[in-house]
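Quick notes on the structure that follows.
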Amino acid sequence: MARKPKNPRRLSYEGKIGWLTFAAVAPAIVVALALLWFGDHSPKVQWTLTFLIVGCFLAFASSAREQTIRPLQTLSNLLAALREGDYSIRARGVREASAMGEVLIEVNSLGGTLRQQRLGAFEATALLRTIMSEIDVAIFTFDPERRLRLVNRAGEMLLGQSMDKLLGKPANELGLLPCFDTHEDEPVTLNFPGGSGRWGIRRSTFREQGLPHELLVLTDLSRTLREEERRAWQRLVRVLGHEMNNSLAPIKSLAASLESLLRRDPLPSDWKDDAGAGLNSIASRADSLSRFLRAYTRLTKLPPPQRQDVDLARLVQRVVDLEPRLKVEVLSGPEKTIFADAAQIEQALINLVHNAVDAALETDGNVAIGWRDREGCVEIFVQDDGPGIMNPANLFVPFFTTKPEGSGIGLPLSRQIAEAHGGSLVLVNRENGRGAQALLRLPR
């Protein structure tokens, strides 16, 4: 069954108000006019009262319509101004005692709130634009079609063009397409008109007008990497120079003494004993230097881990059994199987336990090893009752050691093993007692 079309001549709101007002007073007017014209009245009274009744009706009907329609028109103008973003217009003459007055008061309050919010948004946007302009990393935003929509000053300098020439261009034309296909944790070597080098990449998404957009941030890592490389070389050269000087200075002194001895004429009666002792000392120092260089080679040629399932409890027990100087207490944790290189992890734990025992023997303390669950990882801890960590800044500097017979590679090698497994190694002083603890964290 077909629906009937709607009546195109429906009454407007104003028309309805007018007809309802007429319907409200029409019975009283009809009755009054009937009594007036059918009663015993003179024509002059009849016409006078008729004009008076009809005039009053029209006047009050017009006033009622005006009092009803005008506030609504004012309200409509206020809402239209708010929709257009003009928050300065306010309704006047509002009264709190009336319902319409309360509506207008709320609209005025809404306009004030929106004005404050827009002012705050403008200020925040201005601050954001200032920060983006002054920050020294290149920032780009792209629409769903990967066309450039926003770029800061550093991005303009990197691409060698102004913003008005860059906006709207696709990422492949700007040379930024490889940035969307690389892993964020790996520095990428890229060449741009405004600079070349290694770049750190960060990507994120946001929505604008309901559409997904992409934010791309490029950080120049070349200067930072060069600075870190320079510092690493300085530390390494300083330690290498110190260690080699410790061996070469005695060798040079002994060689000079032997040369002076052999130049004597005649030779002393015990010159063979002095020469043998000197040569033995030179051989000892040379052997020490050779051990140092082998340790350096071992540190720089750590092979990649060969991972397999490893029972953590058995691994820890093997490490404890290899320490003969002190009985190490095992604080058993939950049953765990880690996916790691058993030989490398065992070597790292041997180094940590060995250092802990060295520290504990200085104070006649104890050593304990155990493991526990942490968020997303297994934490193996080695605790000692030694004197604690006195110089934490140099803990992981290769070849730095405070032990007379130490090589200075145990901790750096252990941390290198941990990081090769995607974990970490930290050494801290114990908070609830004397001594220090090593925390080896490995992914589950």
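Remember, predicted model here, so these are calculated numbers, not experimental data.
Separation of atoms CD1 (I369) and CD (E323) is listed at 11.0 Å; rounding is to 0.5 Å. Here NE2 of H213 is found 10.0 Å from CD of E145. Values are rounded to the nearest 0.5 Å. To the nearest 0.5 Å, atoms CG (L215) and CZ (F142) are separated by 9.5 Å. Note that CG of N108 is 6.0 Å distant from CG of L78, once rounded to the nearest 0.5 Å. With rounding to the nearest 0.5 angstrom, the NE2 atom of H354 is 8.5 Å from the CG atom of N351. Within the model, atoms CD of Q344 and OG of S414 stand 11.0 Å from one another, a figure rounded to the nearest 0.5 Å.
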- Task: Start with the C-alpha distance between V428 and Q437, add both sets of side-chain angles, then the distance that settles side chain to side chain contact (heavy atoms under 4.5 Å, CB included), and finish with yes or no.
- Result: CA-CA 6 Å; V428 295; Q437 65 174 346; 3.8 Å; yes
- Check step by step if side chain to side chain contact (heavy atoms under 4.5 Å, CB included) holds for L82 and E84. CA-CA 5 Å; L82 296 180; E84 296 295 333; over 6 Å; no
- Item | Trace of the side chain to side chain contact (heavy atoms under 4.5 Å, CB included) decision for L442 with I345 | CA-CA 10 Å; L442 298 173; I345 298 299; 3.9 Å; yes
- Give the C-alpha distance, both sets of side-chain angles, the deciding distance and a yes or no for side chain to side chain contact (heavy atoms under 4.5 Å, CB included) between I139 and L216. CA-CA 6 Å; I139 301 177; L216 177 64; over 6 Å; no
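A distance-only check finds a donor-acceptor pair linking the side chain of D385 to the backbone of N366 [under 3.5 Å]. Using a distance-only test at 3.5 Å, with no hydrogens or angles considered, no donor-acceptor pair links the side chain of R374 to the main chain of C377. Under the 3.5 Å distance criterion, the side-chain polar atoms of T113 are matched with a main-chain donor or acceptor of S109. The backbone N or O of L150 sits less than 3.5 Å from a side-chain atom of T141, completing a donor-acceptor pair. In this structure a side-chain-to-backbone donor-acceptor pair under 3.5 Å is missing from W371 to L312. Of the possible donor and acceptor atoms, one in the side chain of N152 sits under 3.5 Å from a partner among the backbone N and O of V137.
More than 12 heavy atoms of other residues, nucleotides or ligands lie within 6.0 Å of CZ in R430, so this atom counts as buried by the packing criterion.
Annotation: side chain of L110 is not in contact with side chain of E106 (no heavy-atom distance under 4.5 Å). With a 4.5 Å cut-off on side-chain heavy atoms, E329 and Q383 do not count as touching. Using a 4.5 Å heavy-atom threshold, the side chains of L322 and I350 count as touching. Contact of the L439 side chain with the R441 side chain is registered, since non-hydrogen atoms from C-beta on lie closer than 4.5 Å. R147 has its side chain out of reach of K169: every pair of non-hydrogen atoms, C-beta onward, lies at least 4.5 Å apart. The shortest side-chain heavy-atom distance between V217 and I201 does not fall under the 4.5 Å cut-off. L411 has its side chain out of reach of R415: every pair of non-hydrogen atoms, C-beta onward, lies at least 4.5 Å apart. For the pair L211/R207, no side-chain contact is recorded, criterion being any heavy-atom separation below 4.5 Å from C-beta on.
By the 4.0 Å N-to-carboxylate-O rule, R307 lies too far from D341 to be salt-bridged with it. Taking 4.0 Å as the cut-off between side-chain N and carboxylate O, R325 and D358 count as a salt-bridged pair. Using a 4.0 Å cut-off between charged nitrogen and carboxylate oxygen, E346 and R318 count as a salt-bridge pair.
Among N355, V382, I389, the single residue meeting the side chain to side chain contact (heavy atoms under 4.5 Å, CB included) criterion with L427 is I389. Between E214 and the options R149, R146, R203, a salt bridge (charged side-chain N to carboxylate O under 4.0 Å, His left out) holds for only R146.
Minimum interatomic distance between W199 and L190 (heavy atoms only, all atoms of both residues): NE1-O, 3.2 Å. Shown here for A360 and V367, the closest heavy-atom pair between the two residues is CB-CG2, 3.7 Å. Scanning all heavy atoms of the two residues, the minimum distance from P305 to A420 falls at CG-O, 3.8 Å. Residue P212 comes nearest to P144 through the heavy atom pair O-CG, 3.1 Å, listed as atom of the first residue, atom of the second, then distance. Summarising the geometry of G155 relative to F140, their closest heavy-atom pair is CA-CZ, 3.7 Å, with the distance given to 0.1 Å. Among all heavy-atom pairs drawn from P387 and E362, the shortest one is CG-OE1, 3.5 Å.
Taking the ring axis of F381 as reference, the NZ or CZ atom of R372 stays within 45° of it and closer than 6.0 Å to the ring centre.
Every residue two or more places apart in sequence or in another chain that forms a side-chain contact (heavy atoms from CB on, under 4.5 Å) with L166 is listed here: L148, V151, E156, L159, Q161, L174.
In this structure, a donor-acceptor pair under 3.5 Å is absent between the side chains of T337 and D309.
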